[in-house]
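One structure is given below, encoded as C-alpha cells.
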Amino acid sequence: EVQPVESGGGSVQAGGSLRLSCTASGFNFDDADMGWYRQAPGKKCELVSTITGGGVTYYADSVKGRFTITHVNAKNTPEHTVHLQMDRLKPDDTAVYYCAVDGVVGAWCQPPVSGYWGQGTQVTVSS
C-alpha cells in the first residue's frame, strides 16, 4: 500500500526556513506525481508544489521563488522521497501541509477526492 510518511515542519519566525520531507513506496514514480498541499484555517486547500516522474515541477504563485521541491530515489530501494525546502517564510504560509501521491482535492485537503495522503504536518510562521 502507498502510504506517504511526512517529516519536518514546526514553528519559525518570518524570514526563516523549514524543510518538509515525504517518503513513499509501492508505486511507479515514472507515472505519478508527488507533492504538497496545504490547508490554512478558513481557507481552501491549496496545491503548493508537485514534481512528476519526468521531473516537471509546479509551484503555486504564492510560493514561487521561495520554495523548492526535489525528488530522491535512494539507490536499490523502492522508496521515493520528496523534499520541500521552504525559504523566506511568511505568516501566510502557516498551514497544515499534506504530502500526496497523485493527489486530487476539492475545497478541503481532508478528506481528499483521491490519491494517497500523509497525515499532515503543521507549519507555523510567526511575525
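In what follows, residues are counted from 1 in the order of the sequence shown.
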- Query: How far does CE of M34 sit from CD1 of I51, to the nearest 0.5 angstrom?
  - Reply: 10.0 Å
- Are L84 and Y116 connected in a single hydrophobic cluster, I mean Ile/Leu/Val/Met/Phe/Trp/Tyr linked by side-chain heavy atoms less than 4.5 Å apart? yes
- Task: Measure the spacing between OG of S17 and CD of Q85 and express it to the nearest 0.5 Å.
- Result: 5.5 Å
- Message: Does atom CD (Q110) have a neighbourhood of more than 12 heavy atoms from anything else shown, all under 6.0 Å?
- Response: yes
- Message: Within this structure, what is the NZ-SG distance for the pair K44 and C109, rounded to the nearest 0.5 Å?
- Response: 12.5 Å
- Query: Any idea which heavy atoms bring A32 and V101 closest together, and the distance?
  - Reply: CB-CG1, 4.4 Å
- Note on the structure: What one should report as the nearest heavy-atom pair of S127 and P91 is CB-CG, 3.9 Å
- Task: Could you label the plane-to-plane angle of the F29 and H80 rings as parallel, tilted or perpendicular, counting under 30° as parallel and over 60° as perpendicular?
- Result: parallel
- Supply the atom-to-atom distance E6 CD to Q122 CD, rounded to the nearest 0.5 angstrom. 12.0 Å
- CG of D31 to CG of D102: how many Å apart, nearest 0.5 Å? 9.0 Å
- Message: Hydrophobic clustering (ILVMFWY, side-chain heavy atoms < 4.5 Å, transitive) - are V105 and Y58 grouped together?
- Response: yes
- Evaluation steps, side chain to side chain contact (heavy atoms under 4.5 Å, CB included), between Q119 and V5: CA-CA 8 Å; Q119 63 183 15; V5 178; over 6 Å; no
- Message: Donor-acceptor check, side chain of T94 to backbone of V125, threshold 3.5 angstrom: yes or no?
- Response: yes
- Residues S25, Q3; criterion side-chain hydrogen bond (donor to acceptor under 3.5 Å, both in side chains); working and verdict: CA-CA 7 Å; S25 59; Q3 180 57 62; over 6 Å; no
- Side chain of N73, backbone of T77: donor and acceptor closer than 3.5 Å? yes
- Message: For a side chain to side chain contact (heavy atoms under 4.5 Å, CB included) check, start with the C-alpha distance between V72 and H83, then their side-chain angles and the critical distance, and finish with the verdict.
- Response: CA-CA 8 Å; V72 176; H83 301 292; 4.1 Å; yes
- Note on the structure: Here the gap from Y59 atom OH to S49 atom OG, rounded to the nearest 0.5 Å, amounts to 4.5 Å
- Stepwise side chain to side chain contact (heavy atoms under 4.5 Å, CB included) check, K43 with R38: CA-CA 9 Å; K43 295 185 178 180; R38 67 185 180 186; over 6 Å; no
- Query: If you group Ile, Leu, Val, Met, Phe, Trp and Tyr by side-chain heavy-atom gaps below 4.5 Å, do W36 and V63 land in one group?
  - Reply: yes
- Message: For a quick test of reading the model, state the closest non-hydrogen atom pair linking E46 to A60 and the distance between them.
- Response: OE2-CB, 3.7 Å
- Query: Considering only heavy atoms from C-beta outward, does the side chain of L20 approach that of M86 to under 4.5 Å?
  - Reply: yes
- Item | Polar side-chain atom of W117 near backbone of S114 as donor-acceptor pair, under 3.5 Å | yes
- Going by an N to O cut-off under 4.0 Å, is there a salt bridge joining D61 and K64? yes
- Note on the structure: Heavy atoms of V48 and Y37 approach each other most closely as CG2-C, 4.0 Å
- Side-chain heavy atoms under 4.5 angstrom apart, residues restricted to Ile, Leu, Val, Met, Phe, Trp, Tyr: same cluster for I69 and L89? yes
- Task: Look at the side-chain heavy atoms of Ile, Leu, Val, Met, Phe, Trp and Tyr, link any pair under 4.5 Å apart, and say whether L18 and Y97 land in one connected group.
- Result: yes
- Item | Sidechain-backbone polar pair: R88 side chain, A14 backbone, donor-acceptor under 3.5 Å | no
